[in-house]
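One structure is given below, encoded as structure tokens.
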Amino acid sequence: MFFFFSASATNVASYLARRTSSQVQSFTHDFNVALGVVLTSREKLQPLVHLTTSSQTVFCKSDAGANSAGGNSSSSSSSSGSSGTTKSTGTSTNTASAAGSSSTGVAISTPYKLVEEHSGSDFFDGWTFTDAADVTTHGIVDYVDQGTASNNNLTEITSGGTAIMRVETTATVTGNRQSIRITTNNVYNSGLWILDAVHMPTGCGTWPAFWTNGPNWPDGGEIDIVEGVGDNTNDQATLHTLEGCSLASSSSSALGITGSVITSTDCVSTGGGCGIRSSSTVSYGAAFNGNGGGVFTMTLNSSGIAVWFFERSNIPSDITSGTPLPSLWGTPFAWWSSPTCNVTEFFGYQSTIFDTTLCGDLAGSVWSDAGAPGQEQSCATRTGVSDCDTFVQNNGAALQEAYWEINSVKIYQIPS
């Protein structure tokens, strides 16, 4: 399933030239906006929006057959042409000229406007709860509606204002465990996604993800921002697309990223997509949780798709001030450039999704594997149980750490 592309020197040089041009263009745009002097066209950066467990791991999720409450989707879409902000805290909306401060105390401005926010007591507003078995990745969970989730203590807003999403921890079950999958009602085909998380599901048998997905998978593309299994400690970001989208190289230096390509460079969904693993050993799982969590960001625009991770102690001040400016964030751990993956061609309007499944196509299939960061010992060896389903069904107490705790999800766009 793993195919590696060895680019010629000429191809790499050509790609790097294109990539350098794109990065210079991105920095110039943000810098000029910050000074209030727009010298380049915004549309070059942002399209108008109508609003492992071994050394290599393939993660793949399809939306085919995944129904929302009652088996029918109640999702609606928004367009960038609409005014206002969908948010749950009632705080003031940032504008395209919102000003913040850099780490040096110099005032900065951002072209990004906050268009959707989920935080505090209203975190779950604006999401649709899937009410169906996991037909997507064939995990041994039943996703439940919002009422059932609340009644069974699978969802909660803490006294500190964080949102909790748990899996069922009944001691033993004979079939599936209850879990949560939520999908935003609004969709976007470009923008900036920021997830601030305190805790994510971890432990043998778990397979959580925070991701976006276009219509008619894989036609509309899939972007996995946070994903892993079992005892992993390093996040993996992955694209799944139709044929024709790829990474230009498997070399981190050639791609200009801090992460590592650990799957094929071909992003086609039938081959498992193209995954990049973060170099941070506290970007996923128990290590992430023990470090106070952190922030994941993803930009989707006509130049490409980029993903960053920031530890709790190292979150950029422009993010915390609500005036995000990606050109200040340094090198992303994952980057897919439009010259080899045309974003406008392969990615449609994206819904935003949280889910936690158990076992299934990935966590179940790699149960006996070891070698990925954090998974130096296989779950089969660590638990003494030969298969994932048997362990999960008979060890509810082992799933006490299988929960999300979220400070906020924010989505920004550059107004047209």
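In this text the structure is predicted, and so the values were computed from the model without any measurement.
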NZ/NE/NH1/NH2 to OD/OE distance under 4.0 Å, D134 and R181: no

Step-by-step salt bridge (Lys or Arg N to Asp or Glu O under 4.0 Å) determination, D196 to K410: CA-CA 9 Å; D196 186 331; K410 298 180 182 180; over 6 Å; no

Pair C359-C388, disulfide (SG to SG under 2.5 Å): steps then yes or no: CA-CA 6 Å; C359 301; C388 185; 2.1 Å; yes

N/O donor-acceptor pair under 3.5 Å between T263 side chain and G275 backbone: yes

Contact check, side chains of T340 and L247, non-hydrogen atoms, under 4.5 Å: no

Centroid-centroid distance, F210 to W193, less than 6.0 Å: no

Stepwise side chain to side chain contact (heavy atoms under 4.5 Å, CB included) check, L114 with Y412: CA-CA 4 Å; L114 181 66; Y412 294 82; 3.7 Å; yes

Pairwise side-chain contact, I164 with Y403, heavy-atom cut-off 4.5 Å (strictly under): yes

Atom pair OG (S351) and CD1 (I182), whose distance is rounded to the nearest 0.5 Å: 12.0 Å

Candidate pair V226 and F309, rule side chain to side chain contact (heavy atoms under 4.5 Å, CB included), full reasoning: CA-CA 10 Å; V226 181; F309 167 68; over 6 Å; no

Step-by-step side chain to side chain contact (heavy atoms under 4.5 Å, CB included) determination, Q413 to Y112: CA-CA 5 Å; Q413 288 190 310; Y112 284 99; 5.6 Å; no

S321 and T323: CA distance, side-chain angles, deciding distance, side-chain hydrogen bond (donor to acceptor under 3.5 Å, both in side chains) verdict: CA-CA 6 Å; S321 67; T323 56; 2.8 Å; yes

T233 OG1 to N289 CG distance, which is reported to the nearest 0.5 Å: 11.5 Å

Pairs meeting criterion disulfide bond (SG atoms under 2.5 Å apart) with involvement of residues 258-324, two or more places apart: C267-C274

S252 side-chain N/O to G259 backbone N/O, donor-acceptor pair under 3.5 Å: yes

Audit row: E311, N291, side-chain hydrogen bond (donor to acceptor under 3.5 Å, both in side chains) steps and yes/no: CA-CA 8 Å; E311 296 181 35; N291 200 45; 3.1 Å; yes

Whether N152 side chain and A149 backbone form a donor-acceptor pair below 3.5 Å: no

N186/E116 under side-chain hydrogen bond (donor to acceptor under 3.5 Å, both in side chains): CA gap, chis, key distance, verdict: CA-CA 9 Å; N186 296 329; E116 183 163 344; 3.0 Å; yes

Flag for T344-N342: side-chain donor and acceptor within less than 3.5 Å: yes

Side-chain heavy-atom pair I305, M298 within 4.5 angstrom cut-off: yes

Distance (rounded to the nearest 0.5 Å) between E227 CD and T238 OG1: 6.0 Å

Heavy-atom donor-acceptor pair, N314 side chain to F310 backbone, under 3.5 Å: no

I319 vs I194 side-chain heavy atoms within contact, under 4.5 Å: yes

Closest heavy-atom pair and its distance - R177, A171: NH2-O, 3.4 Å

Backbone N/O of V282 and side chain of S280: donor-acceptor pair under 3.5 Å: yes

N213, V187, I411 screened by side-chain contact (heavy atoms from CB on, under 4.5 Å) with T352, the one that passes: I411

Exercise: identify the closest heavy-atom pair between A197 and I406: CB-CD1, 3.8 Å

Taking every non-hydrogen atom, the tightest pair across A237 and A334: CB-CB, 4.3 Å

Centroid separation F129 to F124 less than 6.0 Å: yes

Student check: side-chain heavy atoms of D369 and S378 closer than 4.5 Å: no

H118 side chain to F123 backbone, donor-acceptor under 3.5 Å: yes

Heavy-atom neighbours of E345 CD exceed 12 at 6.0 Å: yes

Interatomic spacing from CG in L195 to OG in S408 - rounded to 0.5 Å: 7.5 Å

Verdict with supporting geometry, T158 and T162, side-chain hydrogen bond (donor to acceptor under 3.5 Å, both in side chains): CA-CA 5 Å; T158 69; T162 58; 2.7 Å; yes

Residue pair W217 / D219, side-chain heavy-atom distance below 4.5 Å: no

Geometric class of the W127/F354 ring pair [parallel <30°, tilted 30-60°, perpendicular >60°]: tilted

Backbone N/O of I223 and side chain of H240: donor-acceptor pair under 3.5 Å: no

Within-4.5 Å side-chain heavy-atom neighbours: L154 and V144: yes

Minimal non-hydrogen separation, S386 against S368, with atom names: O-OG, 4.4 Å

F288 side chain near D235 side chain, heavy-atom distance below 4.5 Å: no

Minimal non-hydrogen separation, G294 against R312, with atom names: N-NH2, 3.5 Å

Side chains of W207 and T356, donor plus acceptor under 3.5 Å: no

Test log, rule side chain to side chain contact (heavy atoms under 4.5 Å, CB included), inputs D318 and T110: CA-CA 9 Å; D318 58 293; T110 178; over 6 Å; no

Whether W308 and W329 hold their rings parallel, tilted or perpendicular, with breakpoints at 30° and 60°: perpendicular

Heavy-atom pair of closest approach, residues R166 and I180: O-CG1, 3.6 Å

Side-chain donor-acceptor pair present, D145, T148, cut-off under 3.5 Å: yes

Test: C245-C341 SG spacing under 2.5 Å: yes

Inter-residue atom distance T331.OG1 - F333.CZ, 0.5 Å rounding: 13.0 Å

Check: A397 main-chain N/O paired with N395 side-chain donor or acceptor under 3.5 Å: no

Backbone N/O of G348 and side chain of Q350: donor-acceptor pair under 3.5 Å: yes

Y143 side, atom OH; T183 side, atom OG1 - distance, nearest 0.5 Å: 10.0 Å

Backbone N/O of S317 and side chain of T320: donor-acceptor pair under 3.5 Å: yes

